[in-house]
Amino acid sequence: MNIGLTGGIATGKSTVARMLVARGAALVDADRIAREIVEPGQASLVRIAERFGAKVIREDGTLDRRLLGSIVFADAEERKALEAITHPAIRELMRERIAALEAERPDRLVVADIPLLYESGLQHLYEGIMVAYVPREIQRIRLIERDGMTPEEADKRIGAQMDIEKKRQLADYVIDNSRTIADTEAQLDRFWRSLKSGTVPL
Ligand SMILES: CC(C)(COP(=O)(O)OP(=O)(O)OC[C@H]1O[C@@H](n2cnc3c(N)ncnc32)[C@H](O)[C@@H]1O)[C@@H](O)C(=O)NCCC(=O)NCCS
Ligand SMILES: Nc1ncnc2c1ncn2[C@@H]1O[C@H](COP(=O)(O)OP(=O)(O)OP(=O)(O)O)[C@@H](O)[C@H]1O
């Protein structure tokens, strides 16, 4: 059994993923895989340097994420060019990791945490989609507080993604993470109980 877990930036995907793991799920995290495929020596990093220039590689050979972020979140064309390089590599590694986890323990829930699941049209790859939701104003505040972004940077990031209200409508299962952590835990308890009793509406 697998589910895709998505939401907007800073709506609580990692928080919800942690709660699922605490209950016994296995996790594959697209943001982490996105970092692995641009480590020094990886083909994707070479292609990024070719497309965006040597300036995006730091002296120690690692990707300057802040600089590349400032380029791609200011210009949709540039963002598409980066995605054309990174997304196929991310998708392939995700597929391999999920298949390995499912083969290892078929009884265990595998959760794929993918921020751009709907934007990339990947929903058909999963048995159900869970969305970690908060209203946009809370999303913006949490993003600014967590990452120290300026309000302008935060708005650009949020604006590069599908509206969180739309994702909520598309979801099979919504976790409303706008209240306390304890409230979110209680929603996860309900989800986990219905999963175990075979009544989860996915
Ligand atoms: C541009 C990069 C270098 C900026 O790195 P940075 O460390 O600042 O951000 P990080 O990778 O931790 O991403 C944080 C969040 O930004 C959002 N985000 C990242 N890439 C994108 C994108 N192409 N479009 C919209 N939102 C994005 C996601 O919500 C993600 O969770 C990096 O995000 C990147 O390589 N993006 C392309 C790969 C990708 O699409 N990753 C996202 C999911 S697979
Ligand atoms: N219920 C909550 N109440 C208060 N703060 C919360 C709650 N849930 C999450 N947070 C905080 O909001 C921020 C965003 O949460 P989290 O990192 O889980 O989001 P995310 O969707 O995984 O983000 P990203 O898209 O960047 O990976 C974090 O600083 C987290 O500690």
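First listed ligand is number 1; within each ligand, the first listed atom is number 1.
Within ligand 1, the atoms closer than 4.0 Å to a non-hydrogen atom of Glu83 are 22 (C), 23 (N), 24 (N), numbered from 1 in the order shown. Those atoms of ligand 1 with a heavy atom of Asp31 less than 4.0 angstrom away are 30 (C), 31 (O), 42 (C), 43 (C). Each of the following atoms of ligand 1 lies closer than 4.0 Å to a heavy atom of Thr86: 37 (C), 38 (C). Below 4.0 Å from some heavy atom of Val72 lie the following atoms of ligand 1, by number and element: 1 (C). Of all atoms in ligand 2, listed by their number and element, those nearer than 4.0 Å to a heavy atom of Thr180 are 1 (N). Heavy-atom contacts of Asp31 reach the following atoms of ligand 2: 27 (O) (cutoff under 4.0 Å).
Using a distance-only test at 3.5 Å, with no hydrogens or angles considered, a donor-acceptor pair links the side chain of Gln139 to the main chain of Ile9. A side-chain donor-acceptor contact under 3.5 Å links Arg23 to the backbone of Met19. Judged by distance alone, with hydrogens and angles left aside, the side-chain atoms of Tyr173 form no donor-acceptor pair with the main-chain N or O of Gly128 at under 3.5 Å. Not one N or O on the side chain of Glu102 forms a donor-acceptor pair closer than 3.5 Å with the backbone of Val110. Remark: the backbone N or O of Tyr126 is not paired with any side-chain donor or acceptor of Asn2 at under 3.5 angstrom.
Between the CG atom of Leu125 and the CD1 atom of Ile114 there is a distance of 7.5 Å, given to the nearest 0.5 Å. To the nearest 0.5 Å, atom CZ of residue Arg140 and atom CD1 of residue Ile144 are 4.5 Å apart. A distance of 9.0 Å separates CG of Leu68 from NZ of Lys55, quoted to the nearest 0.5 Å. Atom NZ of Lys156 sits about 11.0 Å away from atom CE of Met149, to the nearest 0.5 Å. Note that the OG1 atom of Thr15 and the CG atom of Leu188 stand 10.0 Å from one another [nearest 0.5 Å]. Between the CD1 atom in Ile3 and the CG atom in Leu109 there is a gap of 5.0 Å [rounded to 0.5 Å].
Remark: among candidates Thr15, Leu5, Val16, Asp113, the nearest residue to atom 30 (C) of ligand 2 is Thr15, based on non-hydrogen atoms. By heavy-atom distance, the residue among Arg66, Arg157, Arg32 lying nearest atom 13 (O) of ligand 1 is Arg157.
Distances from ligand 1 to the non-hydrogen atoms of Lys13 include no value under 4.0 Å. Taking 4.0 Å as the cut-off, Arg179 counts as a neighbour of ligand 2 on heavy-atom distance. Note on ligand 2: Pro115 sits outside its first shell, no heavy atom being nearer than 4.0 Å. Ligand 1 has at least one atom lying under 4.0 Å from a heavy atom of His87. For the ligand labelled ligand 2, residue Ala17 lies outside the 4.0 Å heavy-atom shell.
When only non-hydrogen protein atoms are considered, atom 15 (C) of ligand 1 lies nearest to Ile9 CD1, 3.5 Å. Annotation: atom 35 (O) of ligand 1 to nearest protein heavy atom, Leu82 CD2, 4.0 Å. Among all protein heavy atoms, the one lying closest to atom 19 (O) of ligand 2 is Gly12 N, 3.1 Å. What sits closest to atom 19 (C) of ligand 1 on the protein, heavy atoms only, is Phe73 CZ, 3.8 Å. In terms of protein heavy-atom proximity, atom 25 (O) of ligand 2 is closest to Lys13 NZ, 2.7 Å. In terms of protein heavy atoms, atom 29 (O) of ligand 1 is closest to Gln161 NE2, 2.7 Å. Nearest to atom 41 (N) of ligand 1 among the protein's heavy atoms is Ala34 CB, 4.0 Å. At the top of the distance list for atom 12 (O) of ligand 1, counting protein heavy atoms only, stands Arg35 NH2, 2.8 Å. Atom 28 (C) of ligand 2 has Arg146 CD, 3.7 Å as its closest protein atom, hydrogens excluded (heavy atom only). Shortest contact from atom 12 (O) of ligand 2 to any protein heavy atom: Arg142 CD, 3.3 Å. The protein heavy-atom contact nearest to atom 8 (N) of ligand 2 is Asn177 ND2, 2.9 Å.
Note on Val72: it clusters hydrophobically with Met162, by side-chain heavy-atom contacts below 4.5 Å among ILVMFWY residues. When hydrophobic clusters are built by joining Ile, Leu, Val, Met, Phe, Trp and Tyr residues whose side-chain heavy atoms come closer than 4.5 Å, directly or via intermediates, Leu101 is grouped together with Leu93.
Between Glu119 and Lys167, at least one side-chain nitrogen of the basic residue sits less than 4.0 Å from a carboxylate oxygen of the acidic one, meeting the salt-bridge criterion. Under 4.0 Å is where a charged nitrogen must lie from a carboxylate oxygen, and between Arg142 and Glu145 no such pair does.
Residue Ala10 places at least one N or O, backbone or side chain, under 3.5 Å from an N or O of ligand 2.
No more than 12 heavy atoms of other residues, nucleotides or ligands sit less than 6.0 Å from atom CD of Glu77.
Under 4.0 angstrom from ligand 1, the non-hydrogen atoms of Arg65 come from both its backbone and its side chain. Neither the backbone nor the side chain of Ile114 has any atom closer than 4.0 Å to an atom of ligand 1 (non-hydrogen atoms only).
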